2 protein chains.
Amino acid sequence: MVKTEFSPIADTTRRAEIVALLRRAILTGQLEPGQKLNELRISEQMRVSRAPLREAMRELVQEGILTSIPYAGTFVINVTAKDIDDAYSLNKVLDEFAIERMWKQRDQRFFDELDRRHDAVKQATRDRDTTRQIETALQLHGLIHEWADNSVLLETWQRLTSRLQMYFALHQQARREAVPAEDVHETYVALLKGGDMRAAQRHAREHIDLDFEELLAYARDLERRPSKGS
Amino acid sequence: MVKTEFSPIADTTRRAEIVALLRRAILTGQLEPGQKLNELRISEQMRVSRAPLREAMRELVQEGILTSIPYAGTFVINVTAKDIDDAYSLNKVLDEFAIERMWKQRDQRFFDELDRRHDAVKQATRDRDTTRQIETALQLHGLIHEWADNSVLLETWQRLTSRLQMYFALHQQARREAVPAEDVHETYVALLKGGDMRAAQRHAREHIDLDFEELLAYARDLERRPSKGS
DNA sequence: ACTTGTTAGATTGTCGACAATCTGATTGTC
DNA sequence: GACAATCAGATTGTCGACAATCTAACAAGT
C-alpha cells in the first residue's frame, strides 16, 4: 500500500479558467469598479464562446464582485465607503470568532505556517510588490479562519476577502507612492503565538490594520468626485 | 412630484425563474441531498434549453446549496452534522453582531414588522404547515439582519439561512409527526422589544432555537446509516 | 478470479446562430 | 426648440447541435 497523497486533479474546464482569469483581473484592479463586461469582446479575447464565459460570470456575480442587470449587462461592483466599512466591521467579528475556535487547536504546524505566511508578507514588502503584498497579508490573516475548523466560516471569510482585496488594490493603485514599510503584522503574529486569547481577540477587534482608515478616506473621496465608472 | 414607491421590476429572464424553482425544490426537500441533477431531464421538464438552466445551477453552486464536479454532474449538497453545527454556531455570532448594530435603529416600524412576522409564524403553526413554519421563523429571525444596515452581513446571513432552511425541512420531513406547538419565539420577540441589549444578545447566543438539538441528532443519525444519497 | 483494454451509451462542456431587449440617433410633429 | 415615434445597431438571453469526457459493461489476457 503506497501512502503517497495526491492532490485533486486540476479543473480542466474552460469555465474554471475563465473564472480565475476574471477574478484576478477584478481583484488586481485591471477591471475598474463599475466597468461593464462586454461578453462578445471578452469571449473573443479569450478565444472561447460566450457560454462558458457567461457561466463564469454568473459565479462571480454570486461571489459578490460582479453585478448583473438583465438585458443591460454585467458590471464590476461599485465600491462605496459604506461597503468597505460594512465588510471591515463584519470581518472583525469573524476574526474574533475564528480566534476563539482555533485557539486550542494551535500546534507547531500552525506556528510554522504562521511564520511562513508572515515571511511572505515581509518578502513582498521588501520587493515593493504591492499587489502581492495585499495578497500575502490577506493570506496571513486567513490562517486563523482555516484553522478554526468551520467550513461555513472559512467560506464566508473568503467571500469577504475577495472584496477587501479589491478595495486595497484600488487604493494602492490610486496612490502610486510607496507601501507601508513598517511591518504592522508583528504584534498580530506575536499575539497569536502567545497565551492570551482575549488579548488576541481584542487586537483583532480594535487594531485598524492595513491602513484601513486611509482606505476609507480614499473611498469617501471617490464618492465625492464620481468618475466615468458609475 | 408623486411619492409612490415602486418595487423593482420582476426579473424576466428564464434564468431567474429557474433559479427560484430549483432553490425552492432544494430548500423544501423535494430534491434530496446528494441527488444528481440531470440537465437534459430538468431542461425538458421546464421546457427551457440547457443554457439558462446551467447558468442557474452555477448560481446555486456559488450559493452553496449545490456542488459541481466537472464532467460528472451537479448535486444537491450533502448535509453533515458538522455542517449544521458550523452553520449554527456562526449564525449565533452573526445574530449577536446584528443585534448590536440594529439596536439603536429600532423604531415603531421595526416593532410592527416584528409583530407581523411573529404572527406569520404563529399562523403557520396553527395551520400545521411545517414548510411555511420554517420559512416564516427564519424570516422572523432575519429581521434583525435586515435592520442592522450592513449589506455584507445581510448577504452572509441569507446564505446561511438557505442551508438552515434546507436542514430543517429535511428534518421535518423525516419525522412526520406534529410540529412544536409551543411558540418558542415569545421570549425572543419580547427581548427585542425590551431595553436590555445584552440580554437579547445573550438569548441569541445561548438559546437553542428551533429544536436545533433534535436536528443535530437527526443529522448524526443519518450519517451513521448512510442512504443512497451519498 | 483478477486485472487490463475496449467500446457503446449517456451526460456534461462548448460552440455558433438566432431571438429578445436595450440604447441612442433620427425623423417628424407641434 | 421640445417632444414623441420610429428605427438601426449593439448587446444580452436562449436555443439546438456537436465535441469532450465519464461510466459501466464486456472481452481478453494472465
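Please read these numbers as outputs of a predicted model, since none were measured by experiment. Each chain gets a letter, A, B and so on, in the order its sequence line appears, and its residues count up from 1.
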Test salt bridge (Lys or Arg N to Asp or Glu O under 4.0 Å) applied to B:Glu96 - qualifying residues, sequence neighbours left out: B:Arg205
Name each donor-acceptor pair under 3.5 Å that joins a side chain in residues 44-53 of chain B to protein atoms two or more places apart or in another chain, with its distance.
{"residue": "B:Ser49", "atom": "OG", "partner": "B:Ala51", "partner atom": "N", "Å": "3.4"}
{"residue": "B:Arg50", "atom": "NE", "partner": "B:Glu39", "partner atom": "OE1", "Å": "3.1"}
{"residue": "B:Arg50", "atom": "NH2", "partner": "B:Glu39", "partner atom": "OE1", "Å": "2.9"}

Residues forming a salt bridge (Lys or Arg N to Asp or Glu O under 4.0 Å) with B:Arg15, sequence neighbours excluded: B:Glu55, B:Glu59
Pairing nucleotide - D:dA17, Watson-Crick or G-U, each distance under 3.5 Å: C:dT14
Annotated protein contacts, base or backbone, on nucleotides 5-19 of chain C with a non-hydrogen cut-off under 4.0 Å, one of B, S, - each: ------SBBBB-B--
Pairing residues for B:Arg14 by the salt bridge (Lys or Arg N to Asp or Glu O under 4.0 Å) criterion, not counting sequence neighbours: none
Contacts of type salt bridge (Lys or Arg N to Asp or Glu O under 4.0 Å), residue A:Asp83, not counting sequence neighbours: none
